**Student:** 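Below is the structure I would like to discuss, written out as structure tokens.
Given the structure is predicted, the values throughout are model-derived calculations rather than measurements.
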Amino acid sequence: MEFVQPPPTSRAPSDWFTGDVWWDVVVAGREPSRLRANLVRFAPGARTHWHRHALGQTLHVVSGTALVGTRDGTVLEARPGETVSCPPDEEHWHGAAPDRFMEHLALWEATADGSPETTWAEPVTEQQYAAPRTRRP
């Protein structure tokens with residue numbers, strides 16, 4: 001057993017995010033583990049670009065109001081303590097509501113064969129971000 005020395009908090013790259021986003025890497029598993037976990041902090045209105053994860057992604061909301069959108073136009077609203085599961089290869093985005101900071105744990109796995117774990121696409125438009133929200137599916 002050991003304490004893991006985490007890298008410093010870093011700003012999320014603007015080619016994957018819109019707005020002010022910071023993250024802490026909680027774990028980047030070493031073989032045989034493929035676990036990935038980041039604590040991500042979004043300023044009001046900040047969000048990811050469209051993306052998908054080869055093995056899916058789980059988002060656990062720690063604080064604020066999270067918005068999670070899918071290509072069919074659904075925008076789920078999740079609150080602290082709630083967890084949203086995104087299936088493998090489903091294109092989605094997630095971020096903060098326009099009036100609150102939001103913090104979530106993002107959990108996913110690396111692929112066994114070394115292929116990309118995450119595929120990034122274009123930014124979410126203002127219209128997509130502002131779509132009506134669904135409190136629960």
**Student:** Tell me the closest heavy-atom pair linking Ala97 and Arg133, and the distance in Å.
**Tutor:**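 Closest pair (atom of Ala97, atom of Arg133, distance): CB-NH2, 4.0 Å.
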
**Student:** Show the nearest heavy-atom pair for residues Ala43 and Ala96, with the distance to one decimal.
**Tutor:**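 Looks like O-CB, 3.4 Å.
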
**Student:** Would you say that Thr119 contacts Glu91 through its side chain, given a criterion of any heavy-atom pair below 4.5 Å between the two side chains?
**Tutor:**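 Of all side-chain heavy-atom pairs linking Glu91 with Thr119, none is under 4.5 Å.
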
**Student:** Which residues pass the side chain to side chain contact (heavy atoms under 4.5 Å, CB included) test with Thr83, not counting sequence neighbours?
**Tutor:**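 With sequence neighbours excluded, Thr83 shows a side chain to side chain contact (heavy atoms under 4.5 Å, CB included) to Thr58, His60, given in chain and number order.
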
**Student:** Which value, rounded to the nearest 0.5 Å, describes the distance between Asp24 atom CG and Thr9 atom OG1?
**Tutor:**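 OG1 of Thr9 is found 3.0 Å from CG of Asp24.
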
**Student:** Begin with the C-alpha distance, continue with both residues' side-chain angles, and end with the deciding distance and a verdict on side chain to side chain contact (heavy atoms under 4.5 Å, CB included) for Arg11 and Val21.
**Tutor:** CA-CA 6 Å; Arg11 186 180 203 103; Val21 180; over 6 Å; no

**Student:** Just how far is it from atom OG1 of Thr65 to atom CZ of Phe101, taken to the nearest 0.5 Å?
**Tutor:**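 So the OG1 of Thr65 and the CZ of Phe101 are separated by 13.0 Å.
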
**Student:** Show me the donor-acceptor pairs, under 3.5 Å and distance only, between side chains in residues 104-114 and residues at least two apart or in other chains.
**Tutor:**
| from | atom 1 | to | atom 2 | distance (Å) |
| --- | --- | --- | --- | --- |
| His104 | NE2 | His94 | ND1 | 3.0 |
| Trp108 | NE1 | Glu117 | OE1 | 2.8 |
| Thr111 | OG1 | Asp113 | OD1 | 3.3 |
| Thr111 | OG1 | Gly114 | N | 3.4 |
| Thr111 | OG1 | Ser115 | N | 3.0 |
| Thr111 | OG1 | Ser115 | O | 2.6 |
| Thr111 | OG1 | Ser115 | OG | 3.3 |
| Asp113 | OD1 | Ser115 | N | 2.9 |
| Asp113 | OD1 | Ser115 | OG | 2.7 |

**Student:** Using side chain to side chain donor-acceptor pair (under 3.5 Å) as the criterion, list what pairs up with Thr125, not counting sequence neighbours.
**Tutor:**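 Here the qualifying residues are Gln128.
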
**Student:** Who pairs with Asp89 by side chain to side chain donor-acceptor pair (under 3.5 Å), at least two apart in sequence or on another chain?
**Tutor:**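 By the side chain to side chain donor-acceptor pair (under 3.5 Å) rule, Asp89 matches Arg52.
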
**Student:** Evaluate side chain to side chain contact (heavy atoms under 4.5 Å, CB included) for Glu90 paired with Gln57, printing each intermediate quantity in order.
**Tutor:** CA-CA 9 Å; Glu90 178 180 58; Gln57 183 180 44; over 6 Å; no

**Student:** Who passes side chain to side chain donor-acceptor pair (under 3.5 Å) against Gln127, sequence neighbours left out?
**Tutor:**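 Expected list: none.
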
**Student:** I'd like to know if Arg47 pairs up with Glu126 as an ion pair, taking the criterion as any Lys NZ or Arg NE/NH1/NH2 lying under 4.0 Å from an Asp or Glu carboxylate oxygen.
**Tutor:**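 Salt bridge flag = yes for Glu126 with Arg47.
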
**Student:** Mind checking whether Trp22 and Ser10 have side chains closer than 4.5 Å, heavy atoms only?
**Tutor:**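 No, side chains not in contact.
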
**Student:** Heavy-atom distance under 4.5 Å between the side chains of Pro7 and Val25, does that happen here?
**Tutor:**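 Result yes, sub-4.5 Å side-chain heavy-atom pair found.
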
**Student:** Mark yes when over 12 heavy atoms from residues, nucleotides or ligands other than Arg30 sit less than 6.0 Å from its CZ; otherwise mark no.
**Tutor:**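 Result for CZ/Arg30: open.
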
**Student:** Holding to ring-ring contact (aromatic ring centres under 6.0 Å, His included), I want the full list of residues that pass it with Trp16, two or more places apart in sequence or in another chain.
**Tutor:**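 If we apply the ring-ring contact (aromatic ring centres under 6.0 Å, His included) test to Trp16, skipping adjacent residues, the hits are Trp120.
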
**Student:** Given the rule in the ring pair (Phe, Tyr, Trp, His ring centres under 6.0 Å) test, do His53 and His51 qualify, once you have shown the distances and angles that lead to the verdict?
**Tutor:** CA-CA 7 Å; His53 297 271; His51 65 286; 4.9 Å; yes

**Student:** Is there a side-chain contact between Glu103 and Ser63 (heavy atoms, below 4.5 Å)?
**Tutor:**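 Yes, close enough: below the 4.5 Å cut-off.
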
**Student:** Ring centres of Trp23 and Phe17 under 6.0 Å apart?
**Tutor:**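 Between Trp23 and Phe17, the centre distance is under 6.0 Å.
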
**Student:** Other than Phe3, which residues form its hydrophobic cluster under the rule that side-chain heavy atoms must be closer than 4.5 Å?
**Tutor:**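 Hydrophobic cluster check, Phe3: no partners found.
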
**Student:** How is the hydrophobic cluster of Tyr129 composed, in terms of its other members, when Ile, Leu, Val, Met, Phe, Trp and Tyr link through side-chain heavy atoms under 4.5 Å apart, directly or indirectly?
**Tutor:**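 For the cluster that includes Tyr129, the remaining residues are Trp50, Leu67, Val75, Trp93, Val124.
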
**Student:** Just jot down the side chain to side chain donor-acceptor pair (under 3.5 Å) partners of Asp72, sequence neighbours excluded, or say none.
**Tutor:**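 Partners of Asp72 under the side chain to side chain donor-acceptor pair (under 3.5 Å) test: Thr70, Thr74.
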
**Student:** Apply the hydrophobic cluster definition, ILVMFWY joined by side-chain contacts under 4.5 Å directly or through others, and give me every member besides Leu35.
**Tutor:**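 Result for Leu35 is Val27.
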
**Student:** Checking Arg34 now: which residues fulfil salt bridge (Lys or Arg N to Asp or Glu O under 4.0 Å) with it, not counting sequence neighbours?
**Tutor:**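 By the salt bridge (Lys or Arg N to Asp or Glu O under 4.0 Å) rule, Arg34 matches no residue at all.
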
**Student:** Can you give me the closest heavy-atom contact between Ala54 and Pro116, atom names plus distance?
**Tutor:**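 The pair with the smallest heavy-atom distance is CB-O, 3.8 Å.
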
**Student:** Check whether any side-chain heavy atom of Pro44 lies under 4.5 Å from a side-chain heavy atom of Asp99, and answer yes or no.
**Tutor:**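 No, every pair of side-chain atoms sits at 4.5 Å or beyond.
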
**Student:** Please list, chain by chain and in numerical order, all residues satisfying salt bridge (Lys or Arg N to Asp or Glu O under 4.0 Å) with Glu122, sequence neighbours excluded.
**Tutor:**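 Glu122 satisfies salt bridge (Lys or Arg N to Asp or Glu O under 4.0 Å) with Arg71 once adjacent residues are dropped.
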
**Student:** Ignoring hydrogens, what is the shortest heavy-atom contact between Ala131 and Gly73? Give both atom names and the distance.
**Tutor:**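 Taking Ala131 first and Gly73 second, the nearest heavy atoms are CB-O, 4.1 Å.
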
